[in-house]
Amino acid sequence: MENEFLTDWGLTLLVFAPLIGAAIMAAIPRESEGSHKMVALATTLVTAAIGIWLFVDFDYDRAGDLQFVQDRSWIDLIDSRYIVGLDGLSLPLIALTLFIVPLVIIYSWNHIPEPGNPKAFLMLILILHTGMLGSFVAQDLILFFVFFEVVLLPMYFMIGVWGGPERQYASIKFFLYTLFGSALMIISFLALYFLSDTGLVPAALAETTTLGEHTFDMRALPAAVSGIASGTALWIFGGMFMGFGIKVPMFPFHTWLPDAHTQAPTQGSVILAAVLLKLGTYGFVRIAIPILPGAAMSWAPWIGGLAVIGIIYGALGCLAQTDMKRLIAFSSVAHMGYVMLGIATLTELGINAAVFGMVAHGLITGMLFFVAGSIKERYHTLEIRRLGGLLKQAPKMGWILGMCTMASLGLPGLAGFWGEFPAIMSAYNPAEGLNVELFRFYMVVAALGTVLAAGYLLWLYQRTTFGTPSEEFEDDPNIHDLGGPEMVAWVPILIAIVLFGVLPGLILDVTDPAISGLLAASLGG
Amino acid sequence: MSFVSSVFSSVGATIAQAAPDQFGEFVRPNIDWFAISPELVLLAVGALLTIVDIMLLERGKALAPSLAGLGLLAPLVPITLLALDDAGTRTFFKGAAGGAYVVDDYSLVLKAMFLLGAYIVVLISTNDIAEGDYWESEYYSMLVASVLGMVMMSSARDLISVFVALELLSIPAYMLAAWKKRDARSHEAGMKYYLMGVFASAILLYGMSILFGLTGSTVLTEIAASDAVATNTPLMTLAVVFIVVGFGFKVSAVPFHTWAPDTYQGAPLPITAFLAVSSKAAGFVGLMTMIFVGLLGQADAWEPLLWVLAAATMTVGNLIALRQTNVVRLLAYSGVAQAGFMLAPFAVGGTNPGDAVEAIVVYLLIYTAMNLGAFAVVITLARKTGSAELSSLGGGFQYAPGLTVALTIFMFALAGIPPLGGWFAKFEVFRVVVADQSLGAIALAVIMALNSVIALYYYARIASQAWFNDAPDGDNSPVPVPPSLRSAVFICAVLTVLFGVLPQTVGRFGELAGNIAGI
C-alpha cells in the first residue's frame with residue numbers, strides 16, 4: 001500500500017484503460033484490420049499489466065480489507081459516490097477477467113466471425129471489459145448497477161450481429177431477461193437507500209467518507225440497514241434475487257442461457273460463460289447476503305432448492321441435447337447450481353467453494369466453448385451425431401477436449417474438483433439456523449448430479465472424439481489440428497486449470513479472509 | 001406581421017390582467033425589465049425575423065435559419081446573468097401572497113431548456129425546410145413565437161398567464177403542423193392537432209373558471225392559500241379533474257393521446273420533433289405549476305387521478321408502440337410511454353412536491369437531449385432512404401456507422417440502459433416513487449419496471465434494424481449529412497452520454513428547479 005499512485009488512481013486506470021483503447025480504435029479507419037487487432041491486444045495486455053501491478057502491491061495479509069480504495073463524489077444529488085476498492089473477494093474474479101479477455105482477442109486473430117468488421121467486434125469486447133472490471137470493484141450500489149448494465153449492450157450486439165442463424169431472437173431474449181431482473185433490482189436498491197440510516201454506520205467508516213442521510217455505499221449499508229423490519233427485508237432481498245438470479249442464471253430463469261450461448265460467436269460464449277455469469281453470483285456474495293443477512297437466512301433454503309433443481313435439470317437437459325454448444329450451455333446451468341448451493345449454505349466453506357467454483361467454471365467452460373467454436377469452424381456443424389473421430393483427425397484438439405471434459409466433471413487434480421466437492425460438503429453442515437436435514441438432502445441430490453455430469457460429459461466425449469470420422473468429413477481438407485492463435489490462446493488456460501487443481505490454496509488463501517470477514521460482519525461468524 | 005401583433009397582444013394581456021388595483025385608477029406596475037429581458041430578446045428576434053423577411057424578400061430566406069438559431073441562443077445571456085444574480089426570486093404583480101409572473105431558479109432552468117431545445121430544432125429544420133419549398137421566414141417566426149410561449153409558461157404563476165402562455169405556444173404549433181402545404185397528411189395533422197388542442201383548451205378554461213369561482217383569485221399562490229383548496233368539495237374536485245385533463249391532451253396522456261400519432265406522422269419531421277419534445281415539455285411545466293403551486297392542498301384528488309393516468313399512459317403507449325412499423329409513429333407512441341414516466345412523480349407528489357419537481361425536470365432535460373437526437377438521426381437517415389419505415393433503416397451500420405452508433409445511443413438512452421442518459425431520468429422517477437413507500441407507490445414502481453422491459457423491446461428493434469439487417473435495396477452508398485444536422489446529432493449525443501456518465505451535471509439543475517417559488 002505504499003505506492004501512492006496505485007492507491008489514488010490504480011483501480012480507475014484499470015477499469016477505464018480498455019475504454020481508452022476503444023477510443024484509439026475508433027480513430028483508426030475500418031480497413032486496417034491488423035492495427036485494430038494490435039491495438040485491442042495491446043490494450044488488454046496493458047490492462048492486465050496494471051492489474052498485475054495492483055496484485056503485486058496488494059497486501060495479502062489484509063486480504064479481507066478493501067485496498068486501493070478511491071472515494072470521490074459522483075452524484076451528490078442522490079448521495080451516490082464513485083467508490084472502488086479491491087479485496088480478496090474481487091481479486092480472483094478481476095484476475096479471471098484480465099486473464100480471459102486477452103486470450104479471447106488472441107483467438108480472434110484469425111477467427112473473426114461473419115460478417116467480419118474486426119473494428120466494431122473488438123471495440124465491443126473492450127467496452128465489455130470495462131463493464132466487467134467495473135462491476136467487480138464498485139463499492140457503491142448505483143456505480144455497481146451502472147457497470148452491471150454496461151455489459152449488456154456490447155453482448156447484445158455481439159450476439160445479434162456476429163451470432164448464428166437465430167441470433168436476433170437469442171440476443172433480445174438475453175437482453176430482456178437481464179433487464180427485467182435489473183429493473184426489479186434497482187427498486188430494491190432504492191428501497192435499501194431509503195431505509196438506510198447512516199447514523200448506525202460505525203464511526204471508523206463514517207469518518208473516512210462522506211455520508212448523507214441515506215447511502216448507497218456498500219461498505220456502510222450492512223450497518224445502516226440493520227434496523228429494518230424483517231418482512232420488508234424479505235421483499236427487498238427478493239428484488240435482488242431476481243436481478244442476480246436471472247444473471248447467474250438460476251432455474252427457472254435459465255432459459256435465456258442456452259439460446260444466447262448457442263447463437264453467440266465463440267468469443268461471446270467464452271466471455272459470457274467465463275465472466276458475465278459470475279456477475280450474478282458475485283452480486284449475491286458481495287451485496288445481497290452481507291447487506292441483508294437475515295433475509296438471506298430465510299431465502300437460503302429456497303435458493304438451495306432451486307440450485308439443486310438446477311443441477312439435476314441442467315444435467316438432464318444435457319443428456320437430451322443434440323448440439324454440442326447447447327449441451328455445454330446446459331452444463332453451465334448445472335455448474336452454477338453448485339456455486340449457488342455453496343452460497344446458500346451461508347458458511348465460510350460453502351462461499352469459498354462458490355468463489356473457487358466461479359473461477360474454475362470460468363476457465364473450464366470458457367475453454368469448452370473455445371474448443372466447440374473451433375470444431376464448428378472445421379466441421380461447420382456441432383450436431384453431435386454427425387461428429388466423431390476427432391482424435392484421429394485433430395488429435396491435439398481431441399486431447400484438449402478430453403482434458404476439459406474431465407475438468408468439468410470434477411476430476412480431482414483439476415480445477416473443477418475444488419469448486420464442486422467443497423460445495424457439496426458444505427451442504428452437510430449449513431450455517432446455524434438453517435434446516436440441517438433439508439441441506440443434507442440437497443447434498444445427496446447434488447452428489448447424484450455429479451454422477452449425471454460424468455455421464456453426459458463422457459458420453460459427449462465418446463460420441464465426438466472416439467471412433468472414426470463420419471463419411472462426410474473423412475477427407476475434408478478443412479479439418480486440421482490446432483492453429484497458432486488457438487495454441488497461444490488455449491495453453492495458458494489449460495495450465496491454469498491444472499495449476500489451480502493442484503494448488504487450490506492460490507485462490508482460497510486470498511478469498512478466505514474476505515469471506516470470513518463478510519460473514520463475521522453480517523451473520524456473526 | 002402576424003407575429004408581432006399576436007405576441008404583443010398576449011404579453012399585453014399578461015401585464016394588464018394583473019394590475020394591482022382592479023377597481024381604482026390604473027397605476028403602471030413597477031416592471032423589473034432585467035427579469036423579463038429573455039422574453040424581450042425573444043420578442044425582438046421574432047420582430048427582426050419578420051422585418052428581415054419584408055425588407056430583403058428572397059435574399060432574406062437564406063438568413064432566416066441562422067438568425068433564428070442565434071436569436072434563440074441570445075436570451076441565454078440574460079438567463080445566465082439572472083441565474084448568477086443573487087437577488088433571488090423576482091416576482092411580478094405581487095398579490096397578497098406571491099405573484100402572477102415569477103422568475104426563479106425553476107423558471108430559469110426551464111427557459112434555458114426550451115431555448116436550447118428550440119435551437120436544436122432549428123438545426124434539424126434548416127435543410128428540410130429550405131429543400132421542401134416551404135415558407136421559410138414565417139416558419140422560423142412561428143417557431144420563435146411558440147418558444148416565447150414556452151418561456152413564458154416557465155414563469156407563469158397565474159391562471160391567466162398560464163392560459164395565455166399555453167395558447168401562445170400552441171397556436172403557432174397548429175400552423176406549423178400543417179406546414180407541408182401540398183401534403184394532405186400534413187393538413188390532417190394540423191387539423192387534428194388544432195381541433196384536439198382547442199377542445200383541451202376549452203376544458204382547461206372551464207376548470208380554471210370553476211377554480212376562480214371557488215377561490216376568488218387567479219394568482220396560484222393565493223389559490224393555494226385559500227380555504228376552498230383546503231376543503232374537499234365536489235366542485236373543487238371537478239375543477240382539478242378538468243385542469244388535469246386539459247393538460248393531459250397537451251402531454252398526450254392516455255386516453256387523450258389519440259391525436260399524437262397522426263399529427264406526428266403528418267407534420268414536417270422537425271416539427272414532429274418540436275411537438276414531441278418541447279411542446280410536450282411545456283405541457284408538463286404548466287401541469288407542474290398548476291398542481292404543485294396552486295393545487296397542492298387538493299393532493300387527495302389529483303394523486304389517484306394521476307396515478308391512473310401515469311400507469312395507463314406508460315402501459316398503453318408501450319403496448320401500441322410494440323406493433324408499429326413506421327419509425328415516426330413508433331417514436332410518437334414511445335413518447336406517449338415516456339410521458340407516463342414523467343406523470344409518475346405526480347402520483348406521489350403530494351407529500352414531497354420539491355422532489356417530484358426535481359425528478360420531472362431532470363427527466364425533461366434528459367428527454368429533450370435524447371429524443372431530439374433520435375429525431376435528428378431519423379431525419380438524416382430519411383434523407384437517403386426517403387422513408388421512415390422501420391425496414392428502411394436496414395444496413396445503416398454498413399453505410400453510416402457513425403449515425404448508427406448515434407441512433408443506438410439515443411435508442412438505448414430512451415430505453416434507460418446505463419451509462420446512457422436515460423437511465424438517470426428513469427432512476428430519478430423510481431427514486432421519488434419508491435420514497436413514498438406506500439403500497440400504491442410500490443405498485444406503480446413495479447408497473448414502471450415492467451414497462452421498462454417492454455420498452456426495451458421496441459427500442460432495441462429500431463437499433464437492431466440498422467445493425468443486424470442489410471439495406472433493403474442493397475444500396476450501401478454513404479448518407480450525405482449536412483453540417484447543421486451533423487451538429488444537432490453531435491450535441492445531443494454528447495449531452496446524452498454526459499448526462500448518463502456524470503448525472504450530477506443534470507441533477508444539479510433538477511435540484512435548482514426543485515426550489516420552485518411558492519411551495
Side-chain angles (χ1 to χ4, degrees), chain A residues 26 30 73-78 80 82 115 117 119-120 123 127 130-131 134 142-153 156-157 159-163 167-168 171-173 175-195 214 232 235 239 242-243, chain B residues 355 358-359 362 397-398 401-402 404-405 408-409 411-412 415-420 423-424 426-428 430-437 442 445-446 448-461 463-465 467-470 500-511 514:
Chain A
R30 193 183 344 180
S73 85
W74 183 41
I75 320 177
D76 297 339
L77 184 64
I78 55 171
S80 172
Y82 175 82
N117 197 347
K119 176 180 179 178
M123 276 174 75
I127 298 172
T130 287
I142 298 303
L143 189 66
F144 173 82
F145 173 75
V146 169
F147 281 124
F148 190 78
E149 301 284 290
V150 165
V151 301
L152 289 183
L153 275 181
Y156 169 71
F157 286 113
I159 301 175
V161 178
W162 288 274
R167 57 185 194 272
Q168 299 216 8
S171 58
I172 193 73
K173 189 171 178 181
F175 208 155
L176 289 177
Y177 266 70
T178 322
L179 190 79
F180 175 70
S182 43
L184 294 178
M185 184 175 85
I186 195 73
I187 298 182
S188 289
F189 285 179
L190 278 166
L192 280 177
Y193 170 78
F194 285 113
L195 295 172
H214 303 301
T232 319
W235 281 102
M242 289 301 286
Chain B
D355 271 6
E358 182 184 303
V362 165
F397 185 52
Q398 275 130 38
T404 304
V405 169
T408 312
I409 290 177
M411 285 305 139
F412 287 104
I417 305 294
L420 306 166
W423 81 269
F424 189 67
K426 286 213 163 72
F427 179 86
E428 276 289 278
F430 270 115
R431 183 172 74 98
V432 172
V433 172
V434 173
D436 192 67
Q437 290 180 15
I442 300 299
V446 172
M448 278 157 48
L450 294 176
N451 270 296
S452 314
V453 181
I454 302 175
L456 172 72
Y457 180 77
Y458 58 79
Y459 287 127
R461 198 156 63 111
S464 64
Q465 274 293 331
W467 281 76
F468 300 172
N469 295 346
D470 292 325
V501 176
L502 298 173
Q504 186 62 25
T505 47
V506 65
R508 176 78 192 117
F509 291 112
E511 212 174 358

> Looking only at heavy atoms, what is the nearest atom pair of A:Ile187 and B:Ala445, with distance?
Replying inline: CD1-O, 3.5 Å
>> Checking A:Tyr193 against B:Val434 for the side-chain contact (heavy atoms from CB on, under 4.5 Å) test, could you report, in this order, the C-alpha distance in whole Å, the side-chain angles of both residues, the deciding distance, and whether it holds?
In response: CA-CA 10 Å; A:Tyr193 170 78; B:Val434 173; over 6 Å; no
> What part of A:Ile186 lies closer than 4.5 angstrom to a heavy atom of chain B: side chain, backbone, both or neither?
Replying inline: side chain
> About how many Å separate CD of B:Glu428 and CD1 of A:Ile75, when rounded to the nearest 0.5 Å?
Replying inline: 8.5 Å
> When you look at A:Phe180 and B:Leu450, which way does the side-chain contact (heavy atoms from CB on, under 4.5 Å) test go after all the steps?
Replying inline: CA-CA 7 Å; A:Phe180 175 70; B:Leu450 294 176; 3.3 Å; yes
>> If we ignore hydrogens and angles and just use 3.5 Å, is the side chain of A:Trp74 paired with the main-chain N or O of B:Val501 as donor and acceptor?
In response: yes
>> With a 4.5 angstrom heavy-atom cut-off, is it the side chain or the backbone of B:Phe424 that approaches chain A, or both, or neither?
In response: side chain
> Looking at A:Leu179 and B:Ser452, what are the two nearest heavy atoms and their distance?
Replying inline: CD2-O, 3.6 Å
>> For a side-chain contact (heavy atoms from CB on, under 4.5 Å) check, start with the C-alpha distance between A:Ile172 and B:Arg461, then their side-chain angles and the critical distance, and finish with the verdict.
In response: CA-CA 9 Å; A:Ile172 193 73; B:Arg461 198 156 63 111; over 6 Å; no
> With a 4.5 angstrom heavy-atom cut-off, which part of A:Leu190 approaches chain B: side chain, backbone, both or neither?
Replying inline: both
>> Using a 6.0 Å cut-off, check whether atom CZ of A:Phe194 has over 12 heavy atoms from anything other than its own residue.
In response: yes
> Using the ring of each side chain (for Trp, its six-membered ring), is B:Phe468 parallel, tilted or perpendicular to A:Tyr156, with breaks at 30° and 60°?
Replying inline: tilted
>> With rounding to the nearest 0.5 angstrom, report the CZ to CD1 distance, B:Phe427 to A:Ile78.
In response: 4.0 Å
> For B:Leu502, is it the side chain, the backbone, both, or neither that has a heavy atom closer than 4.5 Å to a heavy atom of chain A?
Replying inline: both
>> Which one wins on heavy-atom pair count under 4.5 Å against chain A: B:Arg508, B:Glu358, B:Lys426?
In response: B:Glu358
> Would A:Leu77 and B:Gln504 satisfy side-chain contact (heavy atoms from CB on, under 4.5 Å), going step by step from the backbone distance to the final call?
Replying inline: CA-CA 7 Å; A:Leu77 184 64; B:Gln504 186 62 25; 3.7 Å; yes
> Contact part of A:Ser171 toward chain B, heavy-atom cut-off under 4.5 Å: side chain, backbone, both or neither?
Replying inline: side chain
> Quick one: CG on A:Leu153 to CG on B:Leu420, what's the gap to the nearest 0.5 Å?
Replying inline: 6.5 Å
>> A:Phe175 vs B:Phe412, test: ring pair (Phe, Tyr, Trp, His ring centres under 6.0 Å). Steps then yes/no.
In response: CA-CA 12 Å; A:Phe175 208 155; B:Phe412 287 104; 5.6 Å; yes
> Between A:His214, A:Glu149, A:Arg167, which residue shows the highest count of heavy-atom pairs closer than 4.5 Å to chain B?
Replying inline: A:Glu149
>> If we define contacts as heavy-atom pairs under 4.5 Å, which of A:Gly160, A:Ser182, A:Ala183 has the most with chain B?
In response: A:Gly160
>> Counting only non-hydrogen atoms closer than 4.5 Å, does B:Ile442 touch chain A with its backbone (N, CA, C, O), its side chain (CB onward), both, or neither?
In response: neither
>> Regarding A:Asn117 and B:Gln398, do their side chains bring together a donor and an acceptor under 3.5 Å, going by distance alone?
In response: no
>> Need one label for B:Ile454: side chain, backbone, both or neither, based on atoms under 4.5 Å from any heavy atom in chain A.
In response: neither
> For B:Trp467, is it the side chain, the backbone, both or neither that has a heavy atom under 4.5 Å from a heavy atom of chain A?
Replying inline: both
> Given a strict heavy-atom distance threshold of 4.5 Å, which part of B:Thr505 is in contact with chain A: side chain, backbone, both, or neither?
Replying inline: neither
> Relative to chain A, which of B:Gly510, B:Gly507, B:Pro503 shows the most heavy atom pairs under 4.5 Å?
Replying inline: B:Pro503
> Are more than 12 heavy atoms from other residues, nucleotides or ligands located less than 6.0 Å from atom CZ of B:Phe509?
Replying inline: no
> Side chains of A:Leu195 and B:Gln437: closer than 4.5 Å at any heavy-atom pair?
Replying inline: yes
